[in-house]
Amino acid sequence: FPNLPEAVAAANAGDRILVRRGDYNPATIAKPLRIVGEPGAALVDSRGFLRIQSIGREDQVVIRGFRLQIIEVRIENCDGSVHFEDMERGRYRAFNCRRLSMQNCQFCCSTFTASRVILTDSQGSGVPGLYLSRPIVASRSRISVVGGHYEGASSGSQGWPAISSSNSDFWHTGAATILAGQGRTYPASAININGCSVAIDPSVSVRGSGGRLPVSGPGSVVRRYVPS
């Protein structure tokens, strides 16, 4: 197949699609598939989205090994498992997903709403100079952070948190590092919460900028052992 959308359309549920080195358009995926990019495979479309939607409870989608040059990855209304691995760059937006996981992925400015998410050994960053530039924004979600490095950006005089969350539960473990952006005038906490429950393993480094507290906002924060 010359491009990914045609391969996805022709694939049967449960198939494995191997993508050779090169640039391809993103696709919409609504059936269980395993899509693996060889070194040098990229999804490229300045106006396009990689969309995963309506994956059934017993089904799984796995996407591994792509460089992303698209607007964003959208994962919507999935009862089944959606797993990303070895993804370079990318912005993710998840809504109503029961089992979303990311391992060894690089991402920025991503949003998780009404979802259960596991981030393992990944790197999240803000975009320097962008207003409200935070790698993770969560609402009504349950997020587990296992290892990795997450850092808010600086927008001139303003620093931004690495994580902003409302009405969510967070577990941090596995020697993760979570840092606020270094604003020249207005520093920030590394994690900003509103009505959240946060558990932080002693192995995790959480640091605000400019003397700010590591975690700020109303909610419950405990330092305790958190299993990986």
Side-chain angles (χ1 to χ4, degrees), residues 68 70-75 84 87-95 100-113 115 117-223 226:
L68 299 177
I70 56 178
I71 294 176
E72 66 185 14
V73 180
R74 293 184 176 177
I75 314 103
F84 295 93
M87 304 291 283
E88 183 181 345
R89 302 170 62 179
R91 173 179 175 178
Y92 295 77
R93 187 182 300 273
F95 174 76
L100 170 62
S101 58
M102 299 170 63
Q103 182 173 353
N104 193 32
C105 294
Q106 301 173 10
F107 62 89
C108 69
C109 304
S110 295
T111 303
F112 306 104
T113 304
S115 298
V117 184
I118 300 176
L119 306 173
T120 304
D121 296 331
S122 294
Q123 298 180 41
S125 63
V127 176
L130 182 65
Y131 184 71
L132 288 177
S133 190
R134 302 152 293 180
I136 299 173
V137 177
S139 175
R140 296 179 287 114
S141 294
R142 181 174 180 176
I143 314 289
S144 295
V145 178
V146 184
H149 185 100
Y150 306 88
E151 186 167 356
S154 298
S155 177
S157 61
Q158 177 70 61
W160 300 109
I163 298 171
S164 290
S165 178
S166 61
N167 302 310
S168 298
D169 294 332
F170 268 88
W171 282 263
H172 303 278
T173 188
T177 300
I178 303 170
L179 305 175
Q182 300 292 326
R184 292 194 303 269
T185 307
Y186 303 103
S189 296
I191 303 173
N192 181 262
I193 61 175
N194 182 10
C196 299
S197 174
V198 180
I200 303 174
D201 189 90
S203 68
V204 176
S205 176
V206 185
R207 298 197 300 272
S209 59
R212 289 290 184 91
L213 292 172
V215 183
S216 64
S220 169
V221 181
V222 295
R223 276 274 191 180
V226 179

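Model, not experiment: these values are computed from the prediction.
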How far apart are the C-alpha atoms of I136 and L119, what are their side-chain angles, what is the distance that settles it, and do they pass the side chain to side chain contact (heavy atoms under 4.5 Å, CB included) test?
-> CA-CA 11 Å; I136 299 173; L119 306 173; 3.6 Å; yes
Which heavy atom of A188 sits nearest a heavy atom of A180, and at what distance?
-> O-CB, 3.2 Å
Is there a donor-acceptor pair under 3.5 Å between the side chain of S133 and the backbone N or O of V127?
-> yes
Dump the intermediate steps for ring pair (Phe, Tyr, Trp, His ring centres under 6.0 Å) on F84 and Y92, then the final yes or no.
-> CA-CA 11 Å; F84 295 93; Y92 295 77; 5.2 Å; yes
Note: P135 and G152 closest approach over all heavy atoms is CD-CA, 3.9 Å
Once you round to the nearest 0.5 Å, how far does CZ of R134 lie from OG of S164?
-> 4.0 Å
Side-chain contact, heavy-atom cut-off 4.5 Å: I191 with V221?
-> no
Looking at side-chain heavy atoms only, is the closest gap between W160 and N192 below 4.5 Å?
-> no
More than 12 non-hydrogen atoms from neighbouring residues, nucleotides or ligands closer than 6.0 Å to CD1 on I71, yes or no?
-> yes
Which atom pair, heavy atoms only, marks the closest approach of R223 to P202?
-> NH1-CA, 3.7 Å
Taking all heavy atoms of P214 and all of S189, pick out the closest pair and write down the distance.
-> O-CB, 3.7 Å
In short, G126 meets C109 closest at the heavy-atom pair CA-SG, 4.3 Å
Do the non-hydrogen side-chain atoms of S141 and S168 ever get within less than 4.5 Å of each other?
-> yes
Report yes if some heavy atom in the side chain of R74 is under 4.5 Å from a heavy atom in the side chain of F95; otherwise report no.
-> no
Report yes if some heavy atom in the side chain of V226 is under 4.5 Å from a heavy atom in the side chain of H172; otherwise report no.
-> no
Any side-chain heavy atom of R91 sitting closer than 4.5 Å to one from L68?
-> no
What is the distance from atom CD of E88 to atom CG of N104, rounded to the nearest 0.5 Å?
-> 10.5 Å
For Q123, does its backbone N or O pair with a side-chain atom of Q106 as donor and acceptor, under 3.5 Å?
-> no
Verify side chain to side chain contact (heavy atoms under 4.5 Å, CB included) between L179 and H149, making sure each step is shown before the conclusion.
-> CA-CA 8 Å; L179 305 175; H149 185 100; 3.7 Å; yes
How long is the gap from CD1 on I193 to CG on D169, to the nearest 0.5 Å?
-> 10.5 Å
Exam field: side chain R140 to backbone S115, donor-acceptor pair closer than 3.5 Å = no
From F107 CZ over to S125 OG, what is the distance, rounded to the nearest 0.5 angstrom?
-> 8.0 Å
Enter the distance from I75:CD1 to F112:CZ here, rounded to the nearest 0.5 Å.
-> 7.0 Å
Can you tell if the side chain of T120 reaches within under 4.5 Å of the side chain of S101, non-hydrogen atoms only?
-> no
With distance as the sole test, does S209 use its side chain to make a donor-acceptor pair with the main-chain N or O of G181 at under 3.5 Å?
-> yes
Taking C-beta and beyond as the side chain, do S144 and V117 meet within less than 4.5 Å on heavy atoms?
-> no
Criterion side chain to side chain contact (heavy atoms under 4.5 Å, CB included) on I178 and I200, from CA distance to verdict | CA-CA 11 Å; I178 303 170; I200 303 174; over 6 Å; no
Closest contact, heavy atoms only, L100 versus A94 | CD2-CB, 3.7 Å
